[in-house]
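The model shown is predicted, which means the values in this text are computed figures rather than measured ones. Labels below follow one simple rule: chain letters A, B, ... track the order of the sequence lines, proteins then strands, and each chain is numbered from 1. Atom set for the values below is all heavy atoms of this structure, side chains included, hydrogens, waters and symmetry mates excluded.
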Number of protein chains: 2
Amino acid sequence: MIRLAITDDHSLIRSGIAAMLEEMPELLIVGSYANASETLENIKKDAPDVLLLDINLPDTNGIELCKPLIRLLPDLKILALSNHEDTSFVKKMLAQGAHGYLLKNTHRLELITAMKAVLAGEDFLQPQLKSKMLDQLMGKKTRDPFFPKLTRRELEVLSAIAQELTTQEIADKLFISTKTVETHRMNLLSKLGAKNSVGLIRIAMEKGLIGEG
Amino acid sequence: MIRLAITDDHSLIRSGIAAMLEEMPELLIVGSYANASETLENIKKDAPDVLLLDINLPDTNGIELCKPLIRLLPDLKILALSNHEDTSFVKKMLAQGAHGYLLKNTHRLELITAMKAVLAGEDFLQPQLKSKMLDQLMGKKTRDPFFPKLTRRELEVLSAIAQELTTQEIADKLFISTKTVETHRMNLLSKLGAKNSVGLIRIAMEKGLIGEG
DNA sequence: AAAAAAATCAGGGATTACCCTGATTAGACA
DNA sequence: TGTCTAATCAGGGTAATCCCTGATTTTTTT
């Protein structure tokens, strides 16, 4: 008997998945949580074997949620659910202890396959993600790579831009000169292929680099 | 026997809802479409009584899709599915011929209630939306309203800004002067409470006003 | 028909972002 | 120990945004 729990802030998705899997007799849905704190509160008593975890949660993101979850339930298998097919996300999730990563356009069969895989101790990635990551692991340095990696400072500046701060305000906040901030912004523009800060924030939000609902 | 069809670009949501409703014996799921064109192509032969229609579609938005659908199937009841709890969206949907409006955090029971309601010829709105709309209909001018309604032109400008166009480019695109574009942008800034265009896009994306997955 | 809301445009100025070139320093890595 | 990357900073200029005041016309609503 497999015990399953779901964390997603859309109740429709929760009950949808629940209903979809209900007819599997060997499967028992023991939990259904709308956010991170609800998950942390109940997961110990519900004691699922597998958790379907949406990355975009209202209170925390799924990546940060992985570690405390595994501390609570060391044997828990986490299947990340997300819209982002950015490989850096996948890596982060897996690095934080998730055992699988599914896009929300997954099909029923794939979901079941994924659950079986993680329960058997394997990691599961959707084929499309798998090949993308393999391409990246080997030296395939595409000139227009799927996603350039941003440095710590660039991420800080990006986040500050998203908070509608001006160059001067960012400089004060990070204790650096405005010129340095401009350099970082220019590098961001070029790395992300944006024309201006608006594009920067758009891409960042689409890729989930900055806090969104 | 009720014939149901679903249009949503997330296959997980489609099959989730399908599975959720499958156990209802009086209900038959006759169609499952990923986008607008697929819907238009098949809906006549599938002939559903009710269509669950996601507003965010890759090719068109659900609002524009209503009219042609009703032309094809005059008796079709359309239940809009959306994340936006902006009342102007709701109004538009209903004005275009939809019969109900549900947020994606709906529960199973509510979904069933909604279907029964629209089939009985009534309109259905989620209670939270209903009260919000009533507040708006009466003079309840809240000083900090949930969301200011944006005009057609403002939305066009907003979308253009999101596409990283400059004021000049937007002016050319909309055949208006740069000064007019600036006025619209200023009004957007003040309506949405943003400090600059970056904030504009951030809020717009969070509220789902511009194209996102 | 009157009132309200939306869309249009302008002048003019202050601030900010954008973009180039060029350079130094600290830490990582081999 | 040299190479690379990240992070730091500057000068100087162009372009764009932001912000104010003020106004007319068109469309929608009442």
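The existence of a salt bridge linking A:R202 and B:E164 is excluded, since no basic side-chain nitrogen approaches an acidic carboxylate oxygen closer than 4.0 Å. Electrostatic pairing of A:R152 and A:E156 counts as a salt bridge here, judged by a charged N lying under 4.0 Å from a carboxylate O.
Per the geometry, CZ belonging to B:F175 stands 12 Å off P belonging to C:dT8, to the nearest Å. Atoms CG (A:N196) and C1' (D:dT17) sit 10 Å apart, rounded to a whole Å. When the C1' atom of C:dA6 is taken as reference, atom CG of B:L150 falls 13 Å away, rounded to whole Å. Look at CD on A:E182: it is 16 Å from P on D:dA15, rounded to the nearest Å. Rounded to an integer number of Å, the gap from NZ of B:K179 to P of C:dG12 is 10 Å. If you take CD1 of A:I176 and P of C:dA26, they are 17 Å apart, rounded to a whole angstrom. Rounding to whole angstrom units, CG of residue B:L174 and P of C:dT8 are separated by 8 Å. Whole-Å rounding puts the A:E164 CD to D:dC19 P distance at 11 Å.
Of all non-hydrogen atoms in A:H99 and A:V118, the two that sit nearest each other are O-CG1, 3.4 Å.
Comparing C:dC18, D:dA7, C:dG12 against the side chain of A:R152 picks out D:dA7 as the nearest. For A:R153, whose side chain is taken as the heavy atoms from C-beta onward, the closest listed nucleotide among D:dC9, D:dA7, C:dA10 is D:dA7.
Between B:I2 and B:M115 the shortest side-chain heavy-atom distance does not fall below 4.5 Å.
Contact annotation for A:Q168: no contact, since no heavy-atom pair falls under 4.0 Å across all strands. Nucleic acid contact for A:T180: base, since at least one base atom lies under 4.0 Å from a heavy atom of the residue.
Between C:dA17 and A:T167, a contact under 4.0 Å exists linking OP1 or OP2 to a side-chain N or O. Residue A:T151 places at least one side-chain N or O closer than 4.0 Å to OP1 or OP2 of D:dA7. Of the side-chain N and O atoms in B:S197, one or more sit less than 4.0 angstrom from OP1 or OP2 of D:dC18.
Near-neighbour residues of DNA chain C inside residues 183-191 of chain B, defined by a heavy atom below 4.0 Å, number-ordered: B:T183, B:H184.
More than 12 heavy atoms of other residues, nucleotides or ligands shown are found within 6.0 angstrom of NZ on A:K195.
Without hydrogens or angle criteria, A:T166 side chain to A:E169 main chain gives a donor-acceptor distance under 3.5 Å.
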Quiz prompt | Step-by-step side chain to side chain donor-acceptor pair (under 3.5 Å) determination, A:Y101 to A:D123 | solution = CA-CA 9 Å; A:Y101 194 107; A:D123 277 3; over 6 Å; no

